[in-house]
Amino acid sequence: MKDYLRTEIRHVLDTLGDVPESFEIELEKPAREEHGDLATNTAMRLASVLQSNPRSIAEDIAEGLREQVDPDRIRAVEVAGPGFINFRFSQNYLFRGLADLLEAGEWYGRSDQGAGRTALVEYVSANPTGPLTVGHGRNAVLGDTIANLLDWTGHEVTREYYFNDAGRQMRVLGASVRARYEAMAADEVPTKTIEVDEGDAVEVPESFPEDGYLGDYITDIARSVYDEHGASLLTTETLRPFIEAAEEQILAEIEETLADLDIHMDAFFNEQSLYDEGQVQSVVDALTENGYTYEEDEALWFKATEFGREKDRVLIKQSGEATYRTPDIAYHVTKFERDFDVIVDIFGADHIDAYPDVLAALDVLGYDADRVEVILYQFVTLVRGGEPVKMSTRRANYVTLDDLIEEVGADVARFFFLMRSSDTHLNFDLELAKEASDKNPVFYLQYAHARICSVIDKAEEVGLSFDAEPDLSLLTHEDEVALMKELLRFPTELQKAAEARAPHFVPTYLREVATAFSQFYDRCRIVGEDDELAVARLHLARAAQIVLRNGLTVLGIAAPRQM
RNA sequence: GCGCCCGUAGCUCAGUUGGAUAGAGCAUCGGACUUCUAAUCCGGAGGUCGCAGGUUCGAAUCCUGCCGGGCGUGCCA
């Protein structure tokens, strides 16, 4: 409809003369219903160009439009306010849209904006050092839903998890496991205490690293190593078997956690492969050849300050090891080399200072770093009874993502992560999340869907059916029309959300759909009306069911038949 | 100090590219169920859009300064 009106308006503008080709016609849904179904501010924006007052320009345009516009689509063109031109849809336009919606069914909402374009969404990317946290949950759900949105707008999407199993973090992890293992395998192991947090101390084996991982899962992994190897590893020097066992088990658990949220990655990209195939070295070489590195204190530095960064950054440490950012650059190079049209990264706010260095390096290497879209999300605070839940990562006594899913369920978890814009700090209210009541917006949507299913069942019981061709033109009640208009916005809403990489548009929209349906349900009965009208309304109910179900599917949330 | 994000109703938050009388949910007050799931619907009350300037036909939205909160500012990731 917008495209149609744009071309029609363009025709009229051409007759007025002096309107540049590049002038873009904006159409939007007015905030108030009395202002029609779509409105344009064209006249006001042309006032200075045409040297005239907006109101009279609007009148001229409206006059032209009234003569040429298809009455089967637009029933009214009005001038209002300071010079808005408002359009009202004809009933037939709505009926046709509804018929199309029903025809499309589970495909309704899909579009082909991104057809022929490939997209890589990198998310989660937590290193396998422990269970996923609630913060990772926000990352995972955001990334997954953005991937869904890109899919629904026609992109060919790859969901990728990047992880690091080399370097210091993993050594500390391996050493932690080894210390616990030694305590199990050896007869007598000396212990020491480590202070964590404020004045809180724990007893650990003597060989336990000062900054080691204290969670119980480390002991579980140690036990599995012991079960497999007995005491035979006590004499080996290497941490390798401990690291490998830890990585394998932790990654497997992470995958399970993600699966609980209905998240399934297409690929796990291992940092190690970038070393094995020489890509890390190539990046270092290329940056050096172009004169963007220097040596100091036996380390190799990247001249980030030349790109407006606050300080230069180390690429290769004194020890000869790369910092995390060097393979990260190499990893991003592969995103370009693999030829993705759309590249999206999901990062927590704590990475705010890290990624610009990577982008700057990509620029130097001749890649268009502007094409990397970084979605930053702010932190999550769990709230219980109005109080923030205290967490200590050090002791690993934080609430894990598994804990959260167990407590509130996967659907609620996904919805709460998605309902807020990614750049606001998220207060996750556990009490509210658990409450299966009208206070909880997830249930409002699911309830509306379940109720539609129930209504349809009931209608079929009394002999109404979808077989006959419905006369949709009987749907003229105020609440029927309002619901139709709401439903027909779905494809556009998905496109907006996809383009803005803003999943939170979808929950907001679906709530409006559920409300429109509830109002319709409250005032327009199906069973008991005469057959013609009942069948038409039955189809409208199914249309609402389709939109709710498809919308919830995009969000990765179940659409239950009953509650 | 510097960089990024946030500041909108009592609470949690929408309000993308500047548009008409700033919206929703919760909480609160009042009303609606012999009938398809009341986990619902209808209505009332509730606002200096952090503060001060600026840009323009028009600013919650853009610019500048200030105030308050968060996250960074590692040869950790």
Side-chain angles (χ1 to χ4, degrees), chain A residues 24 26 28 30-32 34-35 39-41 44-45 47-48 53-54 80-84 86 125-127 129 163-164 167-169 172 211 296-301 308-311 313-319 321-325 328 348-354 356 376-379 381 383 386 419-427 429 432 435-441 443-444 446-448 450-459 461-462 464 496-497 499-502 504-505 507-508 511-512 514-515 518-529 534 537-538 541 562-563:
Chain A
E24 213 166 301
E26 294 174 15
E28 55 183 30
R32 308 177 68 84
E34 70 224 48
H35 294 141
T40 182
N41 57 6
M44 289 176 290
R45 291 177 50 234
S48 58
N53 81 72
F84 287 100
N86 299 333
S125 292
N127 284 339
T129 58
F163 72 101
N164 166 354
R168 205 191 75 88
Q169 259 195 345
V172 173
D211 53 352
E296 191 177 298
D297 299 334
E298 296 170 60
L300 186 72
W301 295 71
R309 303 293 301 151
E310 198 181 347
K311 37 183 88 160
R313 302 293 182 165
V314 171
L315 290 173
I316 308 288
K317 297 185 249 184
Q318 228 174 37
S319 65
E321 267 184 322
T323 58
Y324 69 91
R325 79 174 54 79
D328 210 18
D350 52 341
H351 283 66
I352 184 71
D353 213 47
L376 275 182
Y377 60 91
Q378 299 297 314
F379 274 27
T381 307
V383 178
M419 70 181 177
R420 304 299 180 216
S421 153
S422 62
D423 53 23
T424 78
H425 188 102
L426 178 66
N427 281 313
D429 187 328
L432 177 60
E435 199 165 333
S437 79
D438 55 346
K439 291 178 194 166
N440 188 329
F443 292 118
Y444 183 74
Q446 293 187 321
Y447 179 74
R451 183 191 247 173
I452 294 170
C453 294
S454 163
V455 170
I456 290 174
D457 289 347
K458 188 74 91 181
E461 271 172 35
V462 302
L464 296 170
K496 272 162 54 183
E499 273 163 36
R501 320 286 188 234
H504 75 277
F505 289 2
T508 305
R511 170 165 260 288
E512 286 164 13
T515 298
S518 297
Q519 286 173 359
F520 157 74
Y521 170 83
D522 199 60
R523 297 194 273 232
C524 302
R525 294 192 55 78
I526 296 174
V527 177
E529 293 291 342
R537 284 180 174 171
L538 187 59
Q562 56 187 352
M563 303 211 43

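Sequence lines set the chain letters: A, B, ... in the order given, protein chains first and strands last, and positions in each chain run from 1.
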Presence of Lys317(A) side-chain N/O under 4.0 Å of C76(B) phosphate oxygens OP1/OP2: yes
Base of A77(B) paired with side chain of Tyr324(A) (donor-acceptor, under 3.5 Å): yes
Any chance you could list the contact pattern along nucleotides 22-35 of chain B? Use B for base contacts, S for sugar-phosphate-only contacts and - for none, protein heavy atoms under 4.0 Å, 5' to 3'. -SSSSS-------B
Considering non-hydrogen atoms only, spot the tightest contact between Ala349(A) and Phe379(A) and give its length. N-CE1, 3.9 Å
Return whichever of Gly167(A) or Ala349(A) has its heavy-atom-nearest nucleotide of RNA chain B closer to the 5' end. Ala349(A)
Which pair of heavy atoms, one from His35(A) and one from Pro30(A), lies closest together, and at what distance? O-CG, 3.4 Å
Any side-chain N or O of His504(A) less than 4.0 Å from the OP1 or OP2 oxygen of G15(B)? yes
Using only modelled atom types and a 3.5 angstrom limit, is any donor from either the side chain of Asp353(A) or the base of G3(B) paired with an acceptor on the other? no
Scan Ala299(A) against the nucleic acid and name what it touches under 4.0 Å (heavy atoms): base, sugar-phosphate only, or nothing. base
Would you mind classifying the nucleic acid contact of Ala448(A) as base, sugar-phosphate or nothing, using non-hydrogen atoms under 4.0 angstrom? nothing
The side chain of Phe84(A) is closest to which nucleotide in this list: A20(B), G15(B), C75(B)? A20(B)
Is Tyr521(A) near enough to U37(B) that one of its side-chain N or O atoms lies under 4.0 angstrom from OP1 or OP2? no
Is there a side-chain polar atom (N or O) of Ser421(A) under 4.0 Å from OP1 or OP2 of C6(B)? no
If one requires at least 3 consecutive Watson-Crick or G-U pairs with distances under 3.5 Å, the stems of RNA chain B turn out to be B:1-7 with B:67-73, B:10-13 with B:23-26, B:28-32 with B:40-44, B:50-54 with B:62-66
